[in-house]
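Heads up, the thing below is written out as structure tokens.
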Amino acid sequence: MKLEPSFYRRKNVVSVAKSLIGKLLVTTIEGSQTSGIIVETEAYSWRERGCHAYGGRKTARNEVMFEEGGRAYVYLCYGVHNLFNVVTNQRGVADAVLVRAIEPVTGLENMYRRRGQVSLYQLTSGPGKLTRALGIDRTYNGKVLYDDDVWIEDIGMKINSKHIEAGKRIGIDYAGDDANLPWRFMMKGNRWISRI
DNA sequence: TACGTGATCACG
DNA sequence: GTGATCACGTAA
């Protein structure tokens with residue numbers, strides 16, 4: 001069953017990032033569905049330097065982060081990759097969770113068609129790879145996550161802290177000390193974790 | 001380990 | 001207008 005708006009509107013973005021592990025991310029494009037279990041996330045809060053909205057800085061790109069929780073924030077990274085985030089918290093508080101990796105579940109054929117000739121474990125094991133596999137591009141920016149193009153559902157997977165590993169977030173050296181926050185969460189032992 | 005890639009943002 | 005920057009992926 002789809003996660004409800006109240007799931008995303010909680011005030012602690014780190015909790016939301018943790019509880020997204022084990023949920024199913026789904027897209028439906030032209031009637032065909034692709035999905036995967038979320039196995040890696042990162043939390044971003046306006047209060048720290050890693051975040052696009054640090055200090056409340058609002059720009060054309062990150063505007064949707066200031067909306068109520070429950071929308072997609074998709075932006076282009078390094079001119080090549082679309083990165084998919086889940087906006088959290090209440091309106092005006094710019095927090096979000098980056099989905100960094102999923103374990104493929106349905107629509108594998110479509111995923112390979114979009115990704116090209118890669119191995120199973122490379123199919124969705126990174127933030128740019130998974131958006132490519134699921135067909136997520138910037139037209140998804142601002143979409144609500146309880147509609148029918150893209151959503152996240154609870155499939156009853158029981159996850160507790162024993163199954164989750166935390167670490168430093170990846171690729172944000174510019175954030176100074178905030179780069180050391182343990183706000184990256186991974187499903188322990190999963191084969192689709194993005195990198196060591 | 002190196003670099004392609006192009007939108008974005010803070011400057012004027 | 002312009003240039004530095006960047007929440008990555010791939011080949012090597």
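Scope of the values below: all heavy atoms of this structure, side chains included, with no hydrogens, waters or symmetry mates. Chain A is the first sequence line, chain B the second, and so forth, proteins listed ahead of strands; every chain is numbered from 1.
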Rounded to whole Å, the OH-P distance (A/Tyr54 to B/dC9) equals 18 Å

What's the CG-P distance between A/Leu181 and C/dA7, to the nearest Å? 16 Å

Can you classify the ring geometry of A/His52 versus A/Tyr75 as parallel (below 30°), tilted (30 to 60°) or perpendicular (above 60°)? perpendicular

Grab the stems for DNA chain B, please: at least three consecutive Watson-Crick or wobble pairs, both distances below 3.5 Å, written as range with range. B:1-4 with C:8-11, B:6-11 with C:1-6

Starting at the 5' end of DNA chain C, which residue's closest nucleotide do you reach first, A/Val118 or A/Leu83? A/Leu83

Presence of donor-acceptor pair under 3.5 Å, side chain of A/His52 and base of C/dA7: yes

In whole Å, what is the span from the CE atom of A/Met65 to the P atom of B/dC9? 12 Å

Taking the ring centre of each residue, are A/Tyr54 and A/Trp46 less than 6.0 Å apart? no

Between A/Arg195 and C/dC8, is there a side-chain N or O to OP1/OP2 distance below 4.0 Å? yes

Would you say B/dA10 has OP1 or OP2 under 4.0 Å from some side-chain N or O of A/Arg57? yes

If I take atom CG in residue A/Asn85 and atom C1' in nucleotide C/dC8, what distance separates them, rounded to the nearest angstrom? 14 Å

Min side-chain heavy-atom separation A/Ser19-A/Arg10 under 4.5 Å: yes

Going by an N to O cut-off under 4.0 Å, is there a salt bridge joining A/Glu67 and A/Arg91? yes

Return no unless some side-chain N or O of A/Thr59 is found under 4.0 Å from OP1 or OP2 of B/dT8. no

What is the distance from NZ of A/Lys58 to C1' of B/dC9, rounded to the nearest Å? 16 Å

With sugar-phosphate meaning primed atoms plus P, OP1 and OP2, does A/Arg169 contact a base, only sugar-phosphate, or nothing at under 4.0 Å between heavy atoms? nothing

Across the strands shown, which category fits A/Gly126 at heavy-atom distances under 4.0 angstrom: base, sugar-phosphate, nothing? sugar-phosphate

Taken to the nearest whole Å, NZ/A/Lys168 to P/C/dA7 is 16 Å

Closer than 4.0 angstrom, basic N to acidic O: yes or no for A/Glu68 and A/Arg9? yes

Between P of B/dC3 and NE2 of A/His81, the distance in whole Å: 16 Å

Considering heavy-atom distances to DNA chain C, does A/Gln122 or A/Ala53 have its closest nucleotide positioned more toward the 5' end? A/Ala53

Just call it for A/Leu98: base, sugar-phosphate, or nothing, with non-hydrogen atoms closer than 4.0 Å on any strand. base

Less than 4.5 Å apart, side chain to side chain, heavy atoms only: is that true for A/Met111 and A/Pro104? yes

Reckon A/Arg49 touches a base, only the sugar-phosphate, or nothing at all at heavy-atom distances under 4.0 Å? nothing

Distance in angstrom units between A/Trp46 CH2 and C/dA7 C1', rounded: 20 Å

Go through the structure and list residues passing salt bridge (Lys or Arg N to Asp or Glu O under 4.0 Å) with A/Arg132, not counting sequence neighbours. none

OP1 or OP2 of B/dA7 sitting under 4.0 Å from any side-chain N/O of A/Tyr78? no

What side-chain donor-acceptor pairs closer than 3.5 Å can you find for residues 35-42 of chain A, not counting sequence neighbours?
unit_1: A/Ser35; atom_1: OG; unit_2: A/Thr106; atom_2: N; d: 3.4
unit_1: A/Ser35; atom_1: OG; unit_2: A/Thr106; atom_2: OG1; d: 2.7
unit_1: A/Glu40; atom_1: OE1; unit_2: A/Ser194; atom_2: N; d: 2.7
unit_1: A/Glu40; atom_1: OE1; unit_2: A/Ser194; atom_2: OG; d: 3.1
unit_1: A/Glu40; atom_1: OE2; unit_2: A/Arg100; atom_2: NE; d: 2.8
unit_1: A/Glu40; atom_1: OE2; unit_2: A/Arg184; atom_2: NE; d: 2.8
unit_1: A/Glu40; atom_1: OE2; unit_2: A/Arg184; atom_2: NH2; d: 2.9
unit_1: A/Glu40; atom_1: OE2; unit_2: A/Ser194; atom_2: OG; d: 2.9
unit_1: A/Thr41; atom_1: OG1; unit_2: A/Ala17; atom_2: O; d: 2.9
unit_1: A/Glu42; atom_1: OE1; unit_2: A/Tyr44; atom_2: OH; d: 2.6
unit_1: A/Glu42; atom_1: OE2; unit_2: A/Ile170; atom_2: N; d: 2.8

Considering only heavy side-chain atoms of A/Leu76, the closest of B/dA7, B/dC9, C/dC8 is B/dA7

When you get a sec, tell me which of B/dC9, B/dA7, C/dA7 is the closest nucleotide to the side chain of A/Arg138? B/dA7

